[in-house]
Amino acid sequence: MSIATRFGSLNPSSQVTAFTSGTVATPSAKRSFDTSAFEFIAGHVLESETSSLSFTGIPGTYKTLHIRTTARSNGGQGDLNFRFNSDTGNNYHNHLLTFYASNVNAYSQNSTSSTRSACLLTGDTSTAQPLDCFGVGLVWITDYASSTKKKAGKSYCGHAGAYRGGEAQWFDFLWTSTNAITSIEFIGTLRPGSRIDLYGIA
Amino acid sequence: MAGSTFEVIASYTVTSATNNIVMSNIPQTYTDLVILGVARITSTASQSNLKFNDESLSAYGNVTSSNNGGTGLVGARDFNRLQVDGPGALGSTTTADWFAPNEYHIMNYTSSTQKKNVISFGMSSDNGSTLDYCGFQFNVWNSTAPITKITFVTNGTNFAVGSGWTLYGIRGK
């Protein structure tokens, strides 16, 4: 018989059980991490359609920025790209792998006006992409606050559609500036319910 | 904002070979869930998968990227799956004491209006004595229900002793 085990005071009802034979090891005591090591900086959860949104005044007190996205286009399927410090020049380079069904493609995109992509966006209106299907993405930018280094980062993003579509991307991006990143603008028309959260990692 | 940004919710380590490990009553107070762990299977190499709530239907789909055991990049798309197809897990024919790292990001898991997305990363390697795999996946659970239960399940026989996972909650806006 499986054994239910209770956890620390903040989540007293959480349980871990094993259905089959064997014993349930006493789980690790619930604990919190040092709050300064991984901190929520700011976030947007859209209540109405938005064509772009920005994080400004980003503090330079962390080592790495981390962005987590759940988003959907209000137009056709596409990318949620971003740029730094209002730089609209062709100062971004991207290298990516894309996976779509059985297809694998590799690209380099040099001297573009933004990075790709914080999120792959499912398209709108088609019955193959119902409105409750969103794309997701994870982005890391290390040494974002440096004043001596060009900026580089990576992203994993994609969507599995309503299991009738789907694409995955893995890419790195470069910004040819040594300026510390103090603002990030996301470019793409987003539906309500889309979310972008920004975190700082010490 | 109450509570820390990144918190341990639950943790489990296999001490006797078993399958279908359940983490239930997951609090709905975070934005995303993250699972980090390692897995090894008592039968031949297979997968370390997830199921949500009490879903028994073929309600999962995925887009997969893989190095295909070092033979070249491949992509794949599967529908009507019975689980979130997770990272690989080394099996009984591989060198002892090697475990495969598992990482899952379950995004916006408390939403009652959005289908659920999972990003998973994994590799299964015993330093080349058998085929080494690495890759990442995007999964969707075709349900708008908030996730309150996660079951770790292998399509092999059992998870081996030493396998285990920690479930974390990340708070956003």
Side-chain angles (χ1 to χ4, degrees), chain A residues 2 7 10-11 13-25 27-28 30-33 35 37-40 42-45 68-70 97-104 106 130 132-138 156-168 170 193 195 197 199, chain B residues 1 3-27 31-32 60-65 72-81 105 107-108 111 113-115 117-119 121 136-140 142 144 151 158 164 166 170-173:
Chain A
S2 61
F7 288 86
L10 289 182
N11 293 302
S13 61
S14 295
Q15 297 176 333
V16 177
T17 59
F19 280 152
T20 59
S21 62
T23 58
V24 176
S28 302
K30 186 181 182 301
R31 64 190 186 280
S32 301
F33 286 93
T35 55
F38 190 100
E39 288 189 331
F40 173 71
H44 293 280
V45 180
R68 305 178 71 88
T69 62
T70 301
L97 295 172
T98 69
F99 302 83
Y100 174 75
S102 61
N103 304 305
V104 180
D132 53 9
C133 291
F134 283 65
V136 292
L138 304 172
Y156 297 91
C157 61
H159 64 93
Y163 57 61
R164 275 174 287 183
E167 184 174 353
W170 171 26
R195 162 194 296 274
D197 287 323
Y199 299 85
Chain B
M1 177 177 63
S4 299
T5 300
F6 195 97
E7 287 186 328
V8 174
I9 299 172
S11 182
Y12 178 76
T13 301
V14 176
T15 58
S16 177
T18 189
N19 202 354
N20 295 294
I21 295 112
V22 176
M23 293 185 176
S24 61
N25 298 321
I26 295 171
T31 302
D32 299 334
Y60 302 88
N62 66 65
V63 175
T64 299
S65 66
L73 285 172
V74 295
R77 186 177 61 198
D78 293 298
F79 309 127
N80 301 321
R81 304 290 290 171
H105 295 258
M107 311 294 283
N108 222 23
S111 173
T113 59
Q114 298 177 11
K115 302 288 172 62
N117 287 287
V118 182
I119 306 172
F121 302 91
F136 68 100
Q137 282 190 326
F138 288 84
N139 290 268
V140 64
N142 191 29
T144 56
T151 303
N158 284 313
T166 300
I170 295 181
R171 285 192 172 92
K173 181 171 177 63

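Quick note on labels: first sequence line is chain A, next is B, and so on, each numbered from 1.
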Practice item. Can you measure from OH (A:Tyr199) to CZ (B:Arg171) and round to the nearest 0.5 angstrom? Key: 10.5 Å
Exercise for review: Evaluate the criterion side-chain contact (heavy atoms from CB on, under 4.5 Å) for residue pair B:Val140 and A:His159; output intermediate values, then yes/no.
Suggested key: CA-CA 8 Å; B:Val140 64; A:His159 64 93; over 6 Å; no
Exercise for review: Please name the pair of heavy atoms, one in B:Met107 and one in A:Thr69, separated by the smallest distance, quoted to 0.1 Å.
Suggested key: CE-O, 3.7 Å
Exercise for review: Name all residues meeting the side chain to side chain contact (heavy atoms under 4.5 Å, CB included) criterion together with A:Thr98; count only those two or more places apart in sequence or in a different chain, and write none if there are none.
Suggested key: A:Leu96, A:Asn105, A:Tyr107, A:Glu167, A:Gln169
Check your understanding: Is there a side-chain contact between A:Val136 and B:His105, using heavy atoms and a 4.5 Å cut-off?
Key -> no
Point to revise | Donor-acceptor contact below 3.5 Å, side chain B:Asn117 vs main chain A:Phe134 | key: yes
Exercise for review: Could you tell me the separation between the CG atom of A:Leu138 and the CZ atom of B:Phe121, rounded to the nearest 0.5 Å?
Suggested key: 5.5 Å
Point to revise | Nearest-0.5 Å distance, CZ of residue A:Phe38 to OG1 of residue B:Thr5 | key: 7.0 Å
Exercise for review: Give a yes or no on whether the backbone of A:Gly193 and the side-chain of B:Gln114 come within a donor-acceptor separation of less than 3.5 Å.
Suggested key: yes
Point to revise | Option that, when pairs with chain A are counted at under 4.5 Å, heavy atom only, ranks first among B:Ile170, B:Thr64, B:Asn139, B:Thr144 | key: B:Ile170
Study note, to complete from the structure: When the 4.5 angstrom heavy-atom criterion is applied to A:Val104 and chain B, the contacting part is side chain
Review point. Is there a donor-acceptor pair under 3.5 Å between the side chain of A:Asp197 and the backbone N or O of B:Lys173?
Key: yes
Study note, to complete from the structure: If one checks every heavy atom of A:Ser102 against chain B at 4.5 Å, the contacting part turns out to be both
Review point. Can you say whether B:Leu73 sits under 4.5 Å from chain A via the side chain, the backbone, both, or neither, judging by heavy atoms?
Key: both
Exercise for review: Under the side-chain hydrogen bond (donor to acceptor under 3.5 Å, both in side chains) rule, collect the residues that match up with B:Asp32, sequence neighbours excluded.
Suggested key: A:Arg68
Practice item. Using the six-membered ring wherever Trp is involved, compare the ring planes of B:Phe136 and A:Phe99 and label them parallel, tilted or perpendicular (cut-offs 30° and 60°). Key: perpendicular
Practice item. To the nearest 0.5 angstrom, please state how far the OH atom of A:Tyr156 sits from the CZ atom of B:Phe138. Key: 9.5 Å
Practice item. Determine the minimum heavy-atom distance between A:Cys133 and B:Lys115, stating which atoms define it. Key: SG-CG, 3.9 Å
Point to revise | Heavy-atom side-chain proximity of B:Val63 to A:Tyr100 below 4.5 angstrom | key: no
